[in-house]
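None of these values were measured; they are calculated from a predicted model.
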Amino acid sequence: MTIVLIGYMASGKTSVGKLLAKKLNYRFIDLDDFIEDKEGATIKEIFNSKGEIYFRKKETQYLKELLQANEENTVLSLGGGAPCFGENMDEVIKAKHAISIYLKGTVPFLANKLVQKRSKRPLISHIDNVEDMSEFVGKHLFERMPFYSKAEKHVVIDHKSKPEIVEDMVSILF
Ligand code: S3P
């Protein structure tokens with residue numbers, strides 16, 4: 001089985017995904033790290049040198065490969081935009097042996113975290129205060145919601161510890 005974690009930037013897909021994988025004794029793959037390895041460049045460098053459209057093409061290509069591989073039990077964390085481009089979310093839903101979980105955070109919760117954690121994220125690295133970040137995240141999340149909502153399971157993350165989120169995921173999965 002592949003457990004696919006989706007959600008907005010800073011919703012903890014990577015950190016919580018690693019914990020979940022450890023608990024279940026699954027392999028862990030982060031799609032952004034996978035892209036960085038394959039491309040030999042950071043996400044920031046890819047956006048700067050080749051642009052977002054190139055990044056989205058690679059994201060779609062590697063996601064497809066990882067969904068098809070399915071050799072081992074895996075927790076697969078996607079970048080925040082991955083479900084929202086091309087047919088990616090439909091591919092996740094269609095993939096045999098895959099189950100998707102949306103890590104759902106509110107705008108104020110995510111915006112507060114993102115102001116601190118924006119440097120490696122090209123889409124928001126220029127936004128340096130909570131008010132502007134809240135406005136951006138509010139609009140962006142609204143656009144992305146139709147994609148995130150398609151996930152088979154939803155877990156609320158606001159003000160929960162990582163182990164609590166993992167517990168919630170385990171209880172809805174098994
Ligand atoms: C993006 C999210 C990032 C990364 C890229 C674009 C997005 O991943 O894929 O910067 O479009 O939301 P995280 O969600 O892990 O920050």
Shared hydrophobic cluster for Val130 and Ile124 (ILVMFWY, side-chain gaps under 4.5 Å): yes
From Met169 atom CE to Leu103 atom CG, the distance as rounded to the nearest 0.5 Å: 5.5 Å
Charged N-O contact under 4.0 Å between Lys23 and Glu167: yes
Close side-chain approach of Val166 and Val170, heavy atoms under 4.5 Å: yes
Side-chain heavy-atom pair Leu173, Ile101 within 4.5 angstrom cut-off: yes
Phe34-Phe85 co-clustered via ILVMFWY side chain contacts under 4.5 Å: no
Test log, rule side chain to side chain contact (heavy atoms under 4.5 Å, CB included), inputs Leu31 and Ile29: CA-CA 6 Å; Leu31 180 60; Ile29 299 179; 5.9 Å; no
Tyr62 and Glu39 side chains, donor-acceptor separation under 3.5 Å: yes
Over 12 non-hydrogen atoms of neighbours within 6.0 angstrom of CD in Glu65: yes
Leu78 CG to Asp32 CG distance, which is reported to the nearest 0.5 Å: 9.0 Å
Val107-Leu110 co-clustered via ILVMFWY side chain contacts under 4.5 Å: yes
Audit row: Glu52, Leu123, side chain to side chain contact (heavy atoms under 4.5 Å, CB included) steps and yes/no: CA-CA 9 Å; Glu52 182 174 354; Leu123 296 179; 3.7 Å; yes
Closest heavy-atom pair and its distance - Cys84, Gly80: SG-O, 3.9 Å
Pairing residues for Lys162 by the side-chain contact (heavy atoms from CB on, under 4.5 Å) criterion, not counting sequence neighbours: Ser15, Val16, Leu19
Atom pair CG/NZ of Leu141 and Lys104 - distance to nearest 0.5 Å: 8.5 Å
Exceeds 12 heavy-atom contacts within 6.0 angstrom, atom CG of Asn25: no
Full working for side chain to side chain contact (heavy atoms under 4.5 Å, CB included) between Leu5 and Leu76: CA-CA 6 Å; Leu5 301 186; Leu76 172 62; over 6 Å; no
Interatomic spacing from CG in Leu63 to CG in Asn88 - rounded to 0.5 Å: 5.0 Å
Exercise: identify the closest heavy-atom pair between Ser125 and Ser119: CB-O, 4.2 Å
Basic-acidic side-chain contact under 4.0 Å: Lys150, Asp90: yes
Any donor-acceptor N/O pair, Lys120 side chain to Lys44 backbone, under 3.5 Å: no
Side-chain (Arg118) to main-chain (Val115) donor-acceptor, under 3.5 angstrom: yes
Same cluster (ILVMFWY, side-chain, under 4.5 Å), Phe147 and Met145: no
Glu152 side chain vs Ile99 backbone, donor-acceptor pair below 3.5 Å: no
Pairing of Lys139 and Glu143 as salt bridge, 4.0 angstrom limit: no
Whether His126 and Phe136 hold their rings parallel, tilted or perpendicular, with breakpoints at 30° and 60°: perpendicular
ILVMFWY network linking Val156 to Leu20, side-chain heavy atoms under 4.5 angstrom: no
Distance, nearest 0.5 Å, that separates NZ of Lys160 from CZ of Phe109: 10.0 Å
Gap separating the NZ atom of Lys113 from the CD1 atom of Ile157, nearest 0.5 angstrom: 5.5 Å
Option passing side chain to side chain donor-acceptor pair (under 3.5 Å) with Arg27 (candidates Asn73, Thr2, Thr74): Thr74
Ile3 backbone acceptor or donor facing Tyr26 side chain under 3.5 Å: no
Greater than 12 external heavy atoms within 6.0 Å of Lys58's NZ: yes
For Gly17 against Ser77, the heavy-atom pair lying closest together: CA-OG, 4.2 Å
pair Lys18-Asp30: side-chain heavy atoms closer than 4.5 Å: no
Exam field: side chain Glu164 to backbone Ser161, donor-acceptor pair closer than 3.5 Å: yes
Side-chain donor-acceptor contact under 3.5 Å, Thr106 with Asp158: yes
Short side-chain donor-acceptor distance under 3.5 Å, Tyr8 and His140: yes
Residue pair Val155, Tyr102: steps toward the side chain to side chain contact (heavy atoms under 4.5 Å, CB included) verdict: CA-CA 6 Å; Val155 167; Tyr102 170 32; over 6 Å; no
Over 12 non-hydrogen atoms of neighbours within 6.0 angstrom of CD in Glu87: no
Heavy-atom pair with the smallest gap, counting every atom of Glu36 and Ile43: OE2-N, 2.9 Å
